[in-house]
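Written out below as structure tokens is the structure these notes cover.
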Amino acid sequence: MRTIGIILIILLNACALPPEGRTLTSKSTNKQTSQNTVVDLSYKIKGLCGQPEYTAYFARTFCTPSDIDLAMMSDKTKINPQQKIALNAWSLTYDRLATELNEALFLISPANKQMAEYNKTVAFPAAEKNRMDLYRGNISWGVYNRNRKKIYDGIATEAERFAK
């Protein structure tokens with residue numbers, strides 16, 4: 001569910017300023033504001049990983065998919081009460097920021113509008129189900145982490161497809 005990396009790459013490769021000799025219109029100003037919002041929210045989401053109240057959660061899972069390791073993917077332990085508290089706290093903050101980010105994405109371009117729709121209808125529900133399965137003790141941390149990675153990979157694939 002980490003669209004941030006792909007989104008940032010797409011956004012940072014896009015020109016934020018109008019071509020020379022042209023002025024910003026209201027529409028392009030809104031687009032630029034939305035792009036800035038997406039970048040700001042992406043940094044806030046990434047910043048959650050280092051917050052002390054989420055330490056118990058991030059001790060068992062990755063912040064970004066590049067951080068995942070074999071131990072995380074093969075972890076057979078189930079969530080404990082302290083980790084549940086951290087997961088719940090992180091989820092509330094993350095979901096709020098991710099929803100704001102998705103709303104800003106919707107305003108940037110047709111490709112990002114498609115990506116926002118994919119997040120809303122596919123990625124977000126899959127991530128929520130994965131978190132609930134972990135929280136309820138239905139799956140281990142390893143299964144949770146593999147599912148998180150799979151969701152992220154799906155987002156990355158869709159982002160590439162929509163960017164074409």
Side-chain angles (χ1 to χ4, degrees), residues 1-14 16 32-108 112 115-160 163:
M1 185 156 126
R2 303 282 197 238
T3 62
I4 298 150
I6 298 301
I7 294 167
L8 281 177
I9 291 167
I10 293 168
L11 292 176
L12 295 176
N13 285 331
Q32 186 175 1
T33 300
S34 294
Q35 286 176 336
N36 292 340
T37 299
V38 167
V39 171
D40 291 345
L41 288 167
S42 297
Y43 283 123
K44 286 180 182 179
I45 289 170
K46 175 76 171 157
L48 296 177
C49 302
Q51 297 298 316
E53 60 267 35
Y54 312 130
T55 301
Y57 173 70
F58 284 110
R60 292 285 188 195
T61 193
F62 55 91
C63 180
T64 61
S66 61
D67 297 335
I68 196 168
D69 60 26
L70 187 57
M72 288 179 183
M73 290 189 297
S74 58
D75 187 346
K76 294 186 184 320
T77 62
K78 301 278 179 118
I79 194 167
N80 66 36
Q82 182 185 13
Q83 293 163 343
K84 283 183 177 185
I85 292 168
L87 168 63
N88 188 51
W90 172 81
S91 293
L92 291 173
T93 304
Y94 176 83
D95 286 348
R96 181 182 52 78
L97 293 172
T99 299
E100 288 178 37
L101 185 142
N102 212 48
E103 289 169 358
L105 265 182
F106 193 81
L107 301 173
I108 295 172
N112 284 330
M115 192 68 232
E117 189 61 31
Y118 174 85
N119 288 338
K120 184 178 173 181
T121 60
V122 177
F124 289 177
E128 178 65 22
K129 180 186 180 320
N130 193 37
R131 286 192 304 237
M132 290 306 297
D133 285 346
L134 176 70
Y135 189 86
R136 290 179 179 138
N138 297 338
I139 60 174
S140 68
W141 279 101
V143 171
Y144 173 76
N145 288 325
R146 290 190 303 271
N147 289 345
R148 277 189 76 207
K149 177 77 167 85
K150 183 178 175 183
I151 293 164
Y152 174 83
D153 290 346
I155 291 169
T157 299
E158 291 301 309
E160 287 176 24

### Query
Is the shortest heavy-atom distance from the side chain of Thr93 to the side chain of Ile45 under 4.5 Å?
no
### Task
Before accepting this row, confirm whether a basic side-chain N of the pair Arg131/Asp95 lies closer than 4.0 Å to the acidic partner's carboxylate O.
yes
### Query
Is any side-chain heavy atom of Thr37 closer than 4.5 Å to a side-chain heavy atom of Glu100?
no
### Task
Would you mind telling me which of Trp90, Tyr135, Phe62 makes a ring pair (Phe, Tyr, Trp, His ring centres under 6.0 Å) with Tyr57?
Trp90
#### Entry: Reported CG-to-CD1 distance for the pair Leu134 and Ile139, which is rounded to 0.5 angstrom
5.5 Å
### Message
We want to know whether Ser91 and Asn88 form a side-chain donor-acceptor pair, criterion being a heavy-atom distance below 3.5 angstrom.
### Response
no
### Task
Working to the nearest 0.5 Å, report the span between CG of Asn145 and OG of Ser74.
9.5 Å
#### Entry: Heavy-atom side-chain proximity of Arg60 to Thr77 below 4.5 angstrom
yes
### Message
What I'd like to find out is whether the side chain of Val143 reaches to under 4.5 Å of the side chain of Ser140, using heavy atoms alone.
### Response
yes
### Task
Answer yes when Glu117 and Lys120 have at least one side-chain N-carboxylate O distance shorter than 4.0 Å, and no when they do not.
no
### Task
Identify the two heavy atoms, one from Ala116 and one from Asn102, that lie closest to each other, and give their separation to 0.1 Å.
O-ND2, 2.8 Å
### Task
Please name the pair of heavy atoms, one in Asn119 and one in Leu105, separated by the smallest distance, quoted to 0.1 Å.
ND2-CD1, 4.1 Å
### Spacing of Arg148 atom CZ and Met73 atom CE [to the nearest 0.5 Å]
13.0 Å
### Task
Taking all non-hydrogen atoms of both residues into account, name the closest pair between Ser42 and Leu101 and its distance.
OG-CD1, 3.4 Å
### Summary
To the nearest 0.5 Å, atom OG1 of Thr61 lies from atom NZ of Lys149 at 12.0 Å
### Query
Going from CG on Leu87 to CD on Gln82, what distance comes out if it is rounded to the nearest 0.5 angstrom?
12.5 Å
### Any side-chain heavy-atom pair of Val38 and Asn112 under 4.5 Å
no
#### Entry: Cationic N near anionic O, under 4.0 Å, Lys129 to Asp133
yes
### Any Ile155 side-chain heavy atom under 4.5 Å of Tyr118 side chain
yes
### Task
Quick one: pull up CZ in Phe58 and CD in Glu53 and give me the separation to the nearest 0.5 Å.
10.5 Å
### Task
Return yes if a side-chain donor-acceptor contact under 3.5 Å exists between Trp141 and Gln83, otherwise no.
yes
